[in-house]
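Counting starts at 1 for both ligands and their atoms, following the listed order.
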Amino acid sequence: MLNIAIFGAPGVGKGTQSALIVEKYNLVHISTGDILREETSNNTELGLQAKAFMEKGQLVPDQLIINMLEKKIDENKNAAGVIYDGFPRTVKQAEALDAMLEKKGMKLSCMLYLDADHDTLVERLLNRGKDSGRADDSDKNVIENRIKVYNESTLPVAGYYENQGKSVKINGIGEINDIFNTICQAIDKVK
Ligand code: B4P
């Protein structure tokens, strides 16, 4: 079973590329950001807890995310494969994912590490904020904070998977289809 993580800064294109990957490889898409937004709009207990963090551009606490993820993995036991979009975002989450997969006799196939420069990220997120209604995309200070949190707390996850020989760096700047073709070459190697 394919277990792929798609990684990179806010706005780098994780959600955009995940949609294409899911369609081509018939994978289940687990986006922690999407799940949290759904929980928030349904005013669930988890949603209410997550909202305050997301609005400030901070990470939602690890344990909330790890519990949420384990439930999702269990719901999709029979899938052909899974793409984890926006998860893991801390080394603690990466360790938890490895442990969860090992318990189920699986392992992460690879981590697709999308990369883009700071100004491109800010420009894309502000653009999306114009019509998405996402509060975290509409305020430049919140966007800058998300990028800062990414650099401080999330970037170490890249090193964690580099040490396991599982990180594949991909240029996130360019035409969406060209980036997708590069991603497909990486996935086909671990299939
Ligand atoms: P996410 O929902 O994961 O969102 P993201 O990082 O902002 O976006 P992504 O990289 O998917 O960008 P996209 O493809 O859409 O996180 C939101 C928040 O949830 C976090 O800040 C955090 O608070 C919380 N959270 C989520 N997961 C968590 C976790 N594991 N632990 C703790 N907290 C967590 O692309 C952005 C824009 O760029 C789009 O408008 C797109 O059209 C455009 N674009 C994409 N590719 C392009 C290209 N090649 N060229 C031009 N434009 C492009």
Nearest non-hydrogen protein atom to atom 27 (N) of ligand 1, with distance, is T32 OG1, 2.7 Å

Any L36 heavy atom less than 4.0 Å from ligand 1: yes

What atoms in ligand 1 come closer than 4.0 Å to a heavy atom of Q58? 22 (C), 23 (O)

Contact check: D136 vs ligand 1, nitrogen or oxygen atoms, below 3.5 angstrom: no

Should the proximity of M54 to ligand 1, defined as any heavy atom under 4.0 Å, be assigned to the side chain, the backbone, both, or neither? both

Should you measure from each heavy atom of R146, which atoms of ligand 1 turn up under 4.0 Å away? 5 (P), 7 (O), 21 (O)

Is the closest N or O pair between L59 and ligand 1 shorter than 3.5 Å? no

Counting only heavy atoms closer than 4.0 Å, does ligand 1 sit against the backbone of M68, its side chain, both, or neither? neither

With no hydrogens and no angle check, is any side-chain donor or acceptor of D139 less than 3.5 Å from a backbone partner on N141? yes

Between S109 (side chain) and I4 (backbone), is there a donor-acceptor pair under 3.5 Å? no

Per-atom contacts of ligand 1 with R37, taking only distances under 4.0 Å to non-hydrogen atoms: 2 (O), 17 (C)

Please tell me if the side chains of V142 and E55 come closer than 4.5 Å, counting only heavy atoms from C-beta onward. no

What's the spacing between T44 OG1 and L36 CG if we round to 0.5 Å? 9.0 Å

Between the side chains of R37 and D34, is the shortest nitrogen-to-carboxylate-oxygen separation below 4.0 Å, so that they form an ion pair? yes

Could you tell me whether ligand 1 has any atom less than 4.0 Å away from a heavy atom of E123? no

Donor-acceptor under 3.5 Å (K51 side chain, S41 main chain): no

Should the proximity of A9 to ligand 1, defined as any heavy atom under 4.0 Å, be assigned to the side chain, the backbone, both, or neither? backbone

Contact check, side chains of I73 and V82, non-hydrogen atoms, under 4.5 Å: no

Taking K72 first and then E75, would you say they form a salt bridge - that is, a charged N and a carboxylate O separated by under 4.0 Å? yes

Will you find, in the side chains of N151 and K148, an N or O donor that is under 3.5 Å from an N or O acceptor? no

Nearest-0.5 Å distance that lies between atom CG in D98 and atom CD in Q93: 12.5 Å

Ligand 1 versus I179: contacting region, heavy-atom distance under 4.0 Å: side chain

Tell me, please: is G174 in heavy-atom contact with ligand 1, that is, under 4.0 Å? yes

In terms of residue, atom name and distance, what is the protein heavy atom nearest to atom 33 (N) of ligand 1? V60 N, 3.1 Å

In ligand 1, which numbered atoms sit nearer than 4.0 Å to a non-hydrogen atom of V12? 10 (O)

Please write down residue, atom name and distance for the protein heavy atom closest to atom 11 (O) of ligand 1. G15 N, 2.8 Å

Atoms of ligand 1, numbered as shown, that sit under 4.0 Å from any heavy atom of I176: 47 (C), 48 (C), 49 (N)

Atoms of ligand 1 under 4.0 Å from any heavy atom of G86, numbered from 1 in the order shown, are 27 (N), 28 (C), 29 (C), 30 (N)

Other residues, nucleotides, ligands: >12 heavy atoms within 6.0 Å of E102 CD: no

Closest approach of any protein heavy atom to atom 13 (P) of ligand 1, naming residue and atom: R128 NH1, 3.4 Å

Return the residue, atom name and 0.1 Å-rounded distance of the protein heavy atom closest to atom 4 (O) of ligand 1. R134 NH2, 3.6 Å

Subset of ligand 1 atoms that lie under 4.0 Å from at least one heavy atom of F87: 30 (N)

Say whether, by atom type as modelled, one donor and one acceptor occur between the side chain of T154 and the main chain of R89 under 3.5 angstrom. yes

Between the side chains of N181 and Q185, is a donor N or O closer than 3.5 angstrom to an acceptor N or O? no

Students should be able to answer this: which protein heavy-atom is nearest to atom 52 (N) of ligand 1, and at what distance? R124 NE, 3.5 Å

Using a distance-only test with no angle check, is there a side-chain donor-acceptor pair under 3.5 angstrom linking E23 and H29? no

Strictly below 4.0 Å, N to O, side chains only: are D136 and R128 in salt-bridge contact? no

Using a 4.0 Å cut-off to any heavy atom of Q93, which atoms of ligand 1 qualify? 29 (C), 30 (N), 31 (N), 32 (C)

Spell out, as yes or no, whether a donor-acceptor pair under 3.5 Å connects the side chain of S153 to the backbone of T90. no

Heavy atoms only: which of K14, R89, K56 lies closest to atom 1 (P) of ligand 1? R89

Examine the proximity of ligand 1 to T16 and report which part, side chain or backbone, both or neither, has a heavy atom under 4.0 Å away. both

Who's the nearest protein heavy-atom neighbour of atom 8 (O) of ligand 1, and how far? G11 N, 3.6 Å

Proximity of Q17 to ligand 1 by residue part, where a heavy atom lies under 4.0 Å: neither

